[in-house]
Every structure is written in structure tokens, then in C-alpha cells.
Amino acid sequence: MAIRVYNTMSRSKEELETIEPGTVKMYVCGPTVYNYIHLGNARTFLNFDMIRRYLEYSGVDVTFVQNITDVDDKIINRANVEGVPADEIAEKYRLAFEEDMEALGVKPPDIAPRATEHIAEMVEVIAVLVEKGHAYVADGDVYFDVSSFAGYGRLSGRDLSEQQVTVQFSPEMERKRDPWDFALWKAAKPGEPSWESPWGPGRPGWHIECSTMSVQYLGGGFDIHGGGLDLVFPHHENEMAQAEAYSGDRFARYWIHSGMLNIDQEKMSKSLGNIKMLREVLEEFDPDTVRMLMLGTHYRSPLSFSEMSLTEARASIERIWNCLERIESAGDNGGGGSGAGGNELTSTLERLDASFREHMDDDFNSAAALGEIFEAVREVNTFLDGAEAPPAAALQRAKQFIMEHCGALGLELEASSRIVASSTSRAKISSAGSDRGRLLSFAAEAGIEAETGEMPDEELVQLLLEARQVARESKDFTRADMIRDGLNGLGIQVEDIKRLRPE
RNA sequence: GGCGGAGUGGCCAAGUGGUAAGGCAAAGGUCUGCAAAACCUUUAUCGCGGGUUCGAUUCCCGCCUCCGCCUCCA
């Protein structure tokens, strides 16, 4: 089945026809490493991770390149403020970015080129642009001459003459022939990081790195170029102008842009100061919850963020976790039966698999695709409710369905909690870690003290579950509830998995 | 001013020319010693006004509101 993607260039969905069938070469603009990334950045990276994973899930061989902008005005400014070298700032936040991506479960790019390691290549491209008359030199700076490129404005659909020019006076403006011209090379000011070039020491402009590195690693006319919607203009417009002026060939085939994340109806951005750092969020919420939040809205739509939206996302991912746990428990408690409905479940899952793919094939509609997963969760739960001894094959299929489809969207479904089970109940110890001291004193309070000092939390909880079970069997519900409430109070959820049989 | 996007149940959010997925929340019910989990049931004339059509939430026109971009931006 053909995958359709919305191409910003054509403003419509197009069938994805790559240069080489079965292969997708994609480039996504990475971060400028001058600070920790915020949730808005995270949305973009998560969206492209979802797209990449789904393509791979569909059997496509993806080459994924994402740059690191490690030389830039913002980095230099930050370095000046902190009084440390610029490369130190860049390195620090580059590593932080990698940590954040790993924590989020974003697959690392196949290639993560850094601007500072490709200066020579950029200089060469700039030199050709100057040679071809697409760029001019002014006091050690080099600017791209927008008027020399006929298609300028094509990607972002704008006519420069109709745009409001709100440029402030600056020395740089003085050097430009036209306010819309942009820097390919910036002459170094004292103390700034710089590299030698035919135009004197300096550093590359922002856009040139992407034009250069994408083509270097993926070849001209590569398949997909992505980034946040706010990069369409000027960044991508400029990238394309440079690259096509340089080579004379088409730059990228499909332009995919990820919608903005808003807080209180406004875009989260540095200039507005309404930033929520990803790190902050990850302290409180697990990666699947964050991803769930993003998957719930189509990647091109604006996503309005609030504290509550995370809590809701958390509740919905829990529904999936719970289902998986039920499947596990059903397997542990026999699972070898020949319960009816197994075949029916299997064919229902077949159907849901097909609609899942249809939705994802249609411009990566993760929100609709999630709906099919939840549909499956309900079917599985109903099946589990009705079957005394569900057949192992059906359980296996159910588990595989959920894991596979969640995996295609990048949901890791890693146990966010450690499960301790007795024969009639189980406890979920949140992975955030429980308070050891309080657990010990609570155990003592419940009359469990002998040799608990060295005992791992799991065993301690196990003893408590068993004590509660004894209490329940002797109808001492006061004590049973005291144990359950006490554990709940420690963030350890206790649930009964089957009824007590009087025997 | 130019370009683009959006307005769907209490909240979030898909979607379609033939009366609208899913999640969260709420209420009632089943199950449970009680909970939790799970299941069932209940809650939408799809911003407003016209038009096209046998029929529009979906297409067209106008209006209102909101958001993004117009050289910091994911």
C-alpha cells in the first residue's frame, strides 16, 4: 500500500515515491546546541522519530540524518554571558541533547553531522555560489543574492515584495544589497570562533550547513527534508535556494513540517519566554507518556500543551500497560486452556491491523492509528474477561499486536513499574523508586520486621501482600485494607487479580 | 498588509457528501468483602449566515474568533 505524505512544497498530500524504491533518505534539522531543549523541540523530534519508525515498520530502509548546529550566534552569546569558550557550551548541550533524546526513546540518527566538522565543504559550496554569481562578498561577509534565484519564495509560498520588512538597522544590513539577502559566511569578530576562508577568517551562516551536509550524506534530490513548521521560512527557503543555485538540481523531494506546540494558545518559544524544558517534564513523567501526548495529535496540527494534558496522556498509556499486564497474568495463571473466542479475537486484530496501517499510510495519522490500538485493548480486555483459561496462542497474538503497533509508533512500553505478585493480588512499585525508609517502617508497623533490613523492596512488598492475603482469608478486612492503603500511600498500587475462593 | 492553518461532546482529538473514531473526565450498572483494574450504558444537530446538492459537519461564498510565518525560533 502506498504511503502518502503532505508536501509543504505542493500544499497537498502526495504519494511517497522515493528515488530508490524501498529506501527513504531523510534529513531533519537538528538543534542548535546552546541550551537544553524544550518540549516544543521534543515534539518535532518525536514526530520525526514516529515517521521514521513507521517507515521502517513498513519495510522501508531509512537513512536518517540529523545535524547538530554547534556554531552560531546564540552559542557565542551564551558563551560570552557565561564567560566560557563557545565550543564548551556547544559540547555541553550537544551531550545534553543526546541524553534527552535517549531518555525519550528517540532512535539516534544514522548520521549526526556537526557544522564545525564540515566547514571546508561549506566553504567550497559558498565559493561556487560566488563564482556562479549567486553570492557576493562584502567586507569579509558573503551573502546570497536572493534576486539571482528565480524560485525564491516557492517553498514558503511568499512573494517577497508583499512581505513586511521589519528589519532593524544593523551593520550587516549596510552590507547587504537587499534586505532579504542572507549570510553564507560571517566575518569573525575578535574572540569569536573562526575558520580560514578565501574571504578571511569567519564562520558559516546558519542555513548553509544543512544544504551542504544533507546533500553530502544523502545525495542531491534526497527524499524527505523535515523540521519544525517555523523553519519553513526563512531557513528551508534559504537552504533550498542555496542548494539548487549551487547544483542546478532539485534539492529535496518532500518537505515535511511538524506543527508547533502551544502553551496557553501561544507558541512555546524562546522569545515569548514560555518555555517548558523537556528535562523538567521527564522528571515527573515517563517517556511513553510524553510520546503519548504527541501521538494523540496529528503531527501537522498545533498541539496545545497543559499540565493536565500530560496527566491525561499518562492515564491513557496506563490503559495499555494494564492490558499488557493482564495478558501476562493470564499467561502466568495457566493460559493453556482452549477458551472460546480466540479465533474471533485473532480476526478482529487482523482487521484492526489493516486500519492501523491505513491511517498511518495516510500522512502518518498517529491519532487515528492510536484509536485502533485502543480498540484492540478493549477487545483483548473483553476476551480476557470472558475466558476462564485463555489459549496461549491467543494471548501471544494479543500481546504481540499491542507491542508491535505501539512499537511502530515508538512507544517502548517498558515496564514503568516493577510488579510483585502473590497468588491473588499484585503490587506495582513505581520505577521512580519508593521511599525505602518509609517502606521499612510501614512493614514494621504491619508486624513484619524480622530480617527486613537487607531485604530488597520487592521481597518486602511480597511479604506484605502475603500478610494481606492471610488477613483477607480470615476476613480481617481492617488489617487487609490497612496494608493496601499503606502501600498505596507509598506509591505502591495494590490490586486483586482474582477473587478469594473459600476452600 | 501578504501567505498559511484552525474552530467537532465537560476537556483533548480523529474523520467523512448520506446524521461523527479514540483517549481523559463524569454518572449509573456488572464484577469485588471493599477498592483497584476490566466490561456495559449514558453525554455532540461538528463557530455563525447564505449557497450548491435528493442530502453537508464534510464542497463554494461571506462573516466572526483564534493561531502560525513574514530573516531568534523545533
Side-chain angles (χ1 to χ4, degrees), chain A residues 8 11 28-32 37-48 72-74 77 153 156-167 172-173 176 179-183 206-207 226-235 237-238 257-262 265-272 292-293 296-298 300-304 306 308-309 311-320 322-323 325-326 355 359 362 365-375 377-378 380-382 384-386 425-426 428 472 475 477 480-481 484-485 488 493-500:
Chain A
T8 304
R11 309 281 156 94
V28 174
C29 289
T32 298
I37 65 161
H38 59 66
L39 245 202
N41 299 310
R43 156 128 115 135
T44 296
F45 300 133
L46 242 11
N47 277 156
F48 284 103
D72 173 89
D73 289 351
K74 294 193 288 295
N77 290 154
S156 56
R158 59 191 75 208
D159 179 345
L160 256 26
S161 63
E162 304 275 0
Q163 301 302 302
Q164 281 180 351
V165 180
T166 53
V167 179
E172 190 187 68
M173 268 302 149
K176 288 184 184 182
W180 293 103
D181 291 346
F182 54 90
W206 175 34
H207 320 293
L229 191 61
D230 52 357
L231 295 186
V232 175
F233 189 92
H235 187 235
E237 192 70 59
N238 291 353
H257 291 99
S258 166
M260 296 294 99
L261 183 138
N262 299 325
Q265 303 288 69
E266 277 185 320
K267 185 173 105 170
M268 176 186 295
S269 78
K270 286 135 201 173
S271 55
L272 290 169
M292 200 67 181
L293 173 69
T297 300
H298 183 90
R300 283 192 283 115
S301 301
L303 166 51
S304 48
S306 68
M308 205 177 64
S309 63
T311 307
E312 286 178 9
R314 165 79 198 191
S316 66
I317 187 74
E318 244 163 50
R319 188 166 157 75
I320 297 177
N322 284 339
C323 181
E325 281 164 15
R326 285 192 73 192
S355 19
H359 287 130
D362 183 14
N365 191 342
S366 60
L370 266 185
E372 306 300 337
I373 293 180
F374 282 109
E375 201 81 36
V377 165
R378 179 155 33 76
V380 171
N381 278 327
T382 301
L384 256 21
D385 278 350
S425 62
R426 66 173 175 222
K428 288 193 263 189
R472 287 174 73 210
K475 304 255 189 260
F477 296 120
D481 291 347
R484 183 175 62 197
D485 295 344
N488 282 167
Q493 287 207 328
V494 177
E495 296 174 1
D496 295 337
I497 51 182
K498 64 181 176 189
R499 73 184 73 169
L500 271 182

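A note on names: the letters A, B, ... follow the listed sequences, proteins ahead of strands, and every chain is numbered from 1.
For the P atoms, the distance linking rU16(B) with rG47(B) amounts to 15 Å, nearest Å. Nucleotides rG10(B) and rA26(B) have their C1' atoms positioned 8 Å apart, rounded to a whole Å. Here the separation of rU43(B) from rA20(B), taken at their P atoms, is 12 Å to the nearest Å. As rounded to the nearest Å, rU8(B) and rA14(B) have C1' atoms that lie 10 Å from one another. Taking atom P on both rG1(B) and rU42(B), the two are 49 Å apart, rounded to the nearest angstrom. rA6(B) sits 15 Å from rG15(B) when the C1' atoms are compared, rounded to a whole Å. Comparing the P positions of rA74(B) and rU41(B) gives an interatomic distance of 47 Å, to the nearest angstrom. Between rC11(B) and rC60(B), the two P atoms lie 28 Å apart (nearest whole Å).
Secondary-structure stems of RNA chain B, taken as three or more successive Watson-Crick or G-U wobble pairs (i with j, i+1 with j-1) under a 3.5 Å distance threshold, comprise B:1-7 with B:64-70, B:10-12 with B:22-24, B:26-30 with B:38-42, B:47-51 with B:59-63.
Below the 3.5 angstrom threshold, one finds no donor paired with an acceptor across the side chain of Arg43(A) and the base of rA74(B). Asn262(A) contributes no side-chain N or O that forms a donor-acceptor pair with the base of rG68(B) under 3.5 Å. Lys267(A) contributes no side-chain N or O that forms a donor-acceptor pair with the base of rC67(B) under 3.5 Å.
Atom CE of Met292(A) and atom C1' of rC12(B) are 12 Å apart (whole Å). Per the geometry, CD belonging to Glu495(A) stands 10 Å off P belonging to rA36(B), to the nearest Å. When rounded to the nearest whole Å, the span between CD of Gln163(A) and P of rG2(B) equals 11 Å. What separates CG of Leu303(A) from C1' of rC11(B) is a distance of 14 Å, to the nearest Å. Whole-Å rounding puts the Glu162(A) CD to rG1(B) P distance at 12 Å. Between Phe477(A) atom CZ and rU32(B) atom P there is a gap of 13 Å when expressed in whole angstrom units. Taking atom NE2 of His207(A) as the reference point, atom C1' of rU71(B) lies 7 Å away to the nearest angstrom. As rounded to whole Å, 5 Å separates atom C1' of rC72(B) from atom NZ of Lys74(A).
By the salt bridge (charged side-chain N to carboxylate O under 4.0 Å, His left out) test, Arg319(A) is found to be paired with no residue, residues two or more places apart in sequence or in another chain being considered. For Lys428(A), the salt bridge (charged side-chain N to carboxylate O under 4.0 Å, His left out) partners at least two apart in sequence or on another chain are Glu325(A), Glu495(A). For Phe233(A), the ring-ring contact (aromatic ring centres under 6.0 Å, His included) partners at least two apart in sequence or on another chain are Trp180(A).
No donor-acceptor distance shorter than 3.5 angstrom exists from the side chain of His298(A) to the backbone of Ser301(A), with no hydrogens or angles considered. Between the side chain of Glu237(A) and the backbone N or O of Gly153(A), at least one donor-acceptor pair lies under 3.5 Å. Distance alone, capped at 3.5 Å, places no donor-acceptor pair between the Arg43(A) side chain and the Gly40(A) backbone.
With centroids closer than 5.5 Å and planes inclined by less than 30 degrees as the test, Trp180(A) and the base of rU71(B) pass as a stacked pair. Centre separation under 5.5 Å together with a plane angle under 30° does not hold for the ring of Phe374(A) and the six-membered base ring of rG23(B), so they are not marked as stacked.
A parallel orientation is assigned to the rings of His235(A) and Trp206(A), their planes being inclined by less than 30° (bins at 30° and 60°).
Within the 4.0 angstrom heavy-atom criterion, base atoms lie near Thr44(A). Across all strands, Phe233(A) comes closer than 4.0 Å only to sugar-phosphate atoms, never to a base (heavy-atom distances). Counting non-hydrogen atoms under 4.0 angstrom, Val494(A) reaches a base of the nucleic acid. Using a 4.0 Å heavy-atom cutoff across all strands shown, Leu384(A) reaches no nucleic acid atom at all.
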In B/S/- notation (B base, S sugar-phosphate only, - none; protein heavy atoms under 4.0 Å), nucleotides 14-19 of chain B written 5' to 3' is SS----

Discussion item. The test is side chain to side chain contact (heavy atoms under 4.5 Å, CB included); show your working for Asp230(A) and Lys267(A) and say whether it passes.
Written reply: CA-CA 10 Å; Asp230(A) 52 357; Lys267(A) 185 173 105 170; 3.4 Å; yes

Checking salt bridge (Lys or Arg N to Asp or Glu O under 4.0 Å) for the pair Arg314(A)/Glu318(A): CA distance, chi angles, key distance, verdict? CA-CA 6 Å; Arg314(A) 165 79 198 191; Glu318(A) 244 163 50; 2.8 Å; yes

Please evaluate residues Asp496(A) and Arg472(A) with respect to the criterion salt bridge (Lys or Arg N to Asp or Glu O under 4.0 Å), reporting the C-alpha separation (whole Å), side-chain torsions for both, the decisive distance (0.1 Å), and the verdict.
CA-CA 11 Å; Asp496(A) 295 337; Arg472(A) 287 174 73 210; 3.2 Å; yes

**Item:** Steps toward salt bridge (Lys or Arg N to Asp or Glu O under 4.0 Å) verdict (Asp385(A), Arg378(A))
**Value:** CA-CA 10 Å; Asp385(A) 278 350; Arg378(A) 179 155 33 76; over 6 Å; no

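Side-chain proximity of Arg158(A) to the nucleotides rC70(B), rC3(B), rG33(B) is greatest for rC70(B). Considering only the side chain of Arg472(A), rC34(B) comes nearest among rA74(B), rG68(B), rC34(B). Listed nucleotides: rC72(B), rU71(B), rG4(B). Nearest to the side chain of Trp206(A): rC72(B).
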Restricting both atoms to N or O, compile the protein contacts to nucleotides 38-40 of chain B shorter than 3.5 Å, with distance only.
{"residue": "rA38(B)", "atom": "O3'", "partner": "Asn381(A)", "partner atom": "ND2", "Å": "3.1"}
{"residue": "rA38(B)", "atom": "O2'", "partner": "Arg326(A)", "partner atom": "NH1", "Å": "3.1"}
{"residue": "rA38(B)", "atom": "O2'", "partner": "Asp385(A)", "partner atom": "OD1", "Å": "3.2"}
{"residue": "rA38(B)", "atom": "O2'", "partner": "Asp385(A)", "partner atom": "OD2", "Å": "2.6"}
{"residue": "rC39(B)", "atom": "OP1", "partner": "Arg319(A)", "partner atom": "NH2", "Å": "3.2"}
{"residue": "rC39(B)", "atom": "OP1", "partner": "Asn381(A)", "partner atom": "ND2", "Å": "3.3"}
{"residue": "rC39(B)", "atom": "OP2", "partner": "Arg319(A)", "partner atom": "NH1", "Å": "3.2"}
{"residue": "rC39(B)", "atom": "O4'", "partner": "Asp385(A)", "partner atom": "OD2", "Å": "3.0"}

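In terms of position on RNA chain B, the residue among Ser309(A) and Glu375(A) whose nearest nucleotide sits closer to the 5' end is Ser309(A).
Checking His359(A) against Asn365(A) by side-chain atom types alone, no donor-acceptor pair falls below 3.5 Å.
Distance SG/Cys29(A) to CG/Leu231(A): 5.5 Å, rounded to 0.5 Å. To the nearest 0.5 Å, the span separating CE on Met268(A) from CG on Leu261(A) amounts to 5.0 Å.
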